[in-house]
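Remember, it's 1-based here, ligands and their atoms both numbered in the order they're listed. For the numbers below, each heavy atom of this structure counts, side chains included, while hydrogens, waters and symmetry mates do not. In what follows, residues are counted from 1 in the order of the sequence shown.
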Amino acid sequence: MKVDGTPYRTIWLGADGRTVQAIDQTLLPHRFVVRDFRTVEDAERAIRTMVVRGAPLIGAAAAYGMALAMATDPSDAMLARAHALLLASRPTAVNLRWALDDLRALLAPLPSAARREAAYRRAAEICDEDAEICRRIGEHGLGEIRRLKPRQGERLNALTHCNAGWLATVDWGTALAPIYQAHDAGIPIHVWVDETRPRNQGASLTAWELGKHGVPHTVIADNAGGHLMQHGKVDFCIVGTDRTTRRGDVCNKIGTYLKALAARDNGVPFYVGLPYPTIDWTIEDGHREIPIEERHAAELSRISGRTESGEVVAVDVLPEGSPAANPAFDVTPARLVTALITERGVCPASEAGLLSLYPEQARAA
Ligand SMILES: CSC[C@H]1O[C@H](OP(=O)(O)O)[C@H](O)[C@@H]1O
């Protein structure tokens, strides 16, 4: 996507053909800074501290992390160490494991002298594949949007949670790709943007993205969505996912489940943008089998912002000594999901639905 007229992806190979560069998302919306990664430790830290975040982007960053490792030391020991280090950076987004297993399977059989080039080439392919997957999710989602009729006035009102835009992927996004393509097709569309406490990916990232693309939007408190749905102000919800099971249970940012409950209670369609690498075919029950990341309480107790003088500061918002719990994801059961929007088409949130699009994943009888 473009930032002030300049095309950007979220992550790319530097001009030296070795350094990896990415937008530092912890500084948005107040500062746009590109960071350099030169070692696998740089990549692991960037994922763990959410300099880069979003399931597909985490996968792409991990792939480049493996390339950085091979550029340092293409040995079997480094290959194993880099895989383990990056896999441990964040537990929930299955794209991380998908990308790391892909690179390990590619590199392990190769002679060490061939590993560096192969790793960089594969990481670049994963980035190109992700951008194309997300563009096609946008196309299929646009088809769904064209079938919707506004409940009030001429403008369609979407609600989204967290950030599943181009900043969460290599380009286009998953939940926001259909929004961008609808906007670009001239469909009047507005987006209610959940601020998404505690990391505020909605307020800081989704609002920034939509503003840069000229998409009308309004930031709301996380707890306002149900009220807006009760008053007919939401035509559809659309979110991303960090891991979706083969029966269609959707793990996504904490608070997604509550939006799905409100949507069901108010007859509002609830869509999930779902790229292939985010499907975990090895599990069925999202509640029992998906590891939910517990992040530091400080993410809840401290909030950062910009002062009138433009300084970015962090302040404490809890009483001293008050404990805080910070689960970063929840699981929306398939029964609350209207449809999954994938790069291969739209399907019901069910195993049969997913297998209709991915028949190669059918289990042997
Ligand atoms: C397109 S996947 C985006 C997905 O990732 C986010 O999590 P985080 O910001 O913690 O990496 C959130 O769950 C989004 O829906």
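Between Gly54 and ligand 1, at least one pair of N/O atoms sits closer than 3.5 Å. The shortest N or O to N or O distance between His161 and ligand 1 is not under 3.5 Å.
Heavy-atom proximity to Gln201, at under 4.0 Å, picks out these atoms of ligand 1: 8 (P), 9 (O), 10 (O). Proximity to Ala168 (heavy-atom distance under 4.0 Å) selects the following atoms of ligand 1: 1 (C), 3 (C). Of all atoms in ligand 1, numbered sequentially from 1 with element shown, those under 4.0 Å from a heavy atom of Pro56 are 1 (C), 2 (S).
If you look at Met50 next to ligand 1, the close heavy atoms, those under 4.0 Å, all belong to the side chain.
Neither Ile290 nor Ile279 shares a network with the other; the hydrophobic side chains, linked directly or stepwise wherever heavy atoms of I, L, V, M, F, W or Y lie under 4.5 Å apart, form separate groups for each.
With rounding to the nearest 0.5 Å, the separation of CD in Glu144 from CZ in Phe236 is 10.0 Å. To the nearest 0.5 Å, the span separating OG on Ser112 from CG on Leu79 amounts to 10.5 Å.
For atom 2 (S) of ligand 1, the nearest non-hydrogen atom from the set Thr278, Thr241, Asn163, Asp242 comes from Thr241.
In terms of protein heavy atoms, atom 15 (O) of ligand 1 is closest to Asn252 OD1, 2.5 Å. The protein heavy-atom contact nearest to atom 1 (C) of ligand 1 is Thr174 OG1, 3.2 Å. Shortest contact from atom 12 (C) of ligand 1 to any protein heavy atom: Cys162 SG, 3.4 Å.
Ligand 1 is never approached by Ala328 to a heavy-atom distance shorter than 4.0 Å. Using a 4.0 Å cutoff on heavy atoms, Arg90 counts as a contact of ligand 1.
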*Does the side-chain hydrogen bond (donor to acceptor under 3.5 Å, both in side chains) test come out yes or no for Tyr276 and Gln361, once each step is laid out?*
CA-CA 11 Å; Tyr276 171 79; Gln361 292 296 337; 3.1 Å; yes

*Please assess Arg246 against Glu289 for the test salt bridge (charged side-chain N to carboxylate O under 4.0 Å, His left out), listing each intermediate value before the final yes or no.*
CA-CA 12 Å; Arg246 67 180 295 128; Glu289 301 181 84; over 6 Å; no

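A ring pair (Phe, Tyr, Trp, His ring centres under 6.0 Å) with His183 is found for one member of His190, His217, His213 and no other, namely His213.
Looking at Val315 and Ile303, their side chains come closer than 4.5 Å, going by heavy atoms from C-beta outward.
A cation-pi arrangement is absent between Lys259 and Phe270 under the rule of less than 6.0 angstrom and at most 45 degrees off the ring axis.
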